[in-house]
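Atoms considered below: every heavy atom in the structure, side chains included; atoms not considered: hydrogens, waters and symmetry mates.
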Amino acid sequence: MQPVSLSSERLLLQRAQLDDFEAYATLWSHPKVLRHIAPGGFTSERLFERFLKAEGCWSFFGFGYFMMRLKETDEPIGQIGFQEARREIVPSISGTLEAGWLIHPDHQGRGFAGEAAQALFAWGSRTFSGRRATCFISPDNPSSIRIAEKLGMRRLTETTYQGDPVIIFEREL
């Protein structure tokens, strides 16, 4: 069964609703969020396609992305989850639960991403025990590298994705 939400001490992780698109677009349009992901940004059309793709992962694979909200205020501050993106990357990570997370810059540096990642991986370990989780991170993103390492992910290799250097991490759930 696919969860509608997960929670941690300070956060509520909820599957996105159509009403979340504006917050999603704001998050995914911020230059500081995109600096390690897509420095050129996304068109509004591409943002909506990405938003819909996240829900499609839930429908087809039983996992996807959550909107990250502060419990105290219900403010959306980020996104976290697993996806199947079938990326053209060597070595292939297709068939894994590819983890990803991002936090709005106004909320970075307070441990929210790590807290949400712990909740996500606890759910993933219960639900997909024995499956392989992966992520790839820019070597210029030490905060995300620390989160991956705290999750018990190990460096698999350094490679490139769309011409940019990345580090692939992996862990069995």
From [X] [atom1] over to [Y] [atom2], what is the distance, rounded to the nearest 0.5 angstrom?
| X | Y | atom1 | atom2 | result |
| --- | --- | --- | --- | --- |
| Ile89 | Thr160 | CD1 | OG1 | 7.5 Å |
| Leu97 | Cys57 | CG | SG | 9.5 Å |
| Arg87 | Thr134 | CZ | OG1 | 9.0 Å |
| Phe136 | Ile168 | CZ | CD1 | 7.5 Å |
| Arg155 | Ile137 | CZ | CD1 | 8.5 Å |
| Ile167 | Asp140 | CD1 | CG | 9.0 Å |

So which atom in [X] and which in [Y] form the shortest heavy-atom distance, rounded to 0.1 Å?
| X | Y | answer |
| --- | --- | --- |
| Met67 | Ala16 | CG-CB, 3.8 Å |
| Leu173 | Gly124 | CD1-O, 3.8 Å |
| Ile147 | Ala117 | CG2-CB, 3.9 Å |
| Pro91 | Leu156 | CG-CD2, 4.2 Å |
| Ser7 | Ala119 | O-CB, 4.1 Å |
| Cys135 | Ala148 | SG-CB, 4.2 Å |

Exactly one of Phe63, Tyr65, Trp58 clears ring-ring contact (aromatic ring centres under 6.0 Å, His included) with Phe61, and that residue is Phe63

task: Look at Arg154 together with Glu170 and state whether they make a salt bridge at an N to O cut-off of under 4.0 Å.
output: yes

Q) Charged N to carboxylate O below 4.0 Å: is that the case for Arg110 and Glu115? A) no

Polar side-chain atom of [X] near backbone of [Y] as donor-acceptor pair, under 3.5 Å:
| X | Y | value |
| --- | --- | --- |
| Thr96 | Ile93 | yes |
| Glu84 | Ser94 | no |
| Thr157 | Thr159 | no |
| Gln108 | Ile103 | yes |

| Do Leu11 and Arg69 touch side chain to side chain, with heavy atoms closer than 4.5 Å? | no

Notebook entry, point to check: Less than 4.5 Å apart, any side-chain heavy atom of Glu98 and any of Phe82?
Noted result: no

Heavy-atom count check: over 12 atoms from other residues, nucleotides or ligands less than 6.0 Å from Lys71 NZ? yes

Worksheet entry | Arg171 to Phe121 six-membered ring, cation-pi geometry met (6.0 Å, 45°) | no

query: Mind checking whether His107 and His104 have parallel, tilted or perpendicular rings, split at 30° and 60°?
result: perpendicular

Same apolar cluster (I L V M F W Y, side chains within < 4.5 Å links), Met153/Val166: no

>> Side-chain heavy atoms nearer than 4.5 Å, only ILVMFWY residues, links allowed to pass through others: does that put Val90 and Tyr161 together?
In response: no

Looking at Phe112 versus Trp101, is the centre-to-centre ring distance below 6.0 Å? no

Tested for side chain to side chain contact (heavy atoms under 4.5 Å, CB included) against Met68, the lone hit among Leu12, Leu102, Ile77, Leu6 is Ile77

> Can you check ring pair (Phe, Tyr, Trp, His ring centres under 6.0 Å) on Phe128 and Trp123, steps first, answer last?
Replying inline: CA-CA 8 Å; Phe128 302 101; Trp123 169 74; 5.5 Å; yes

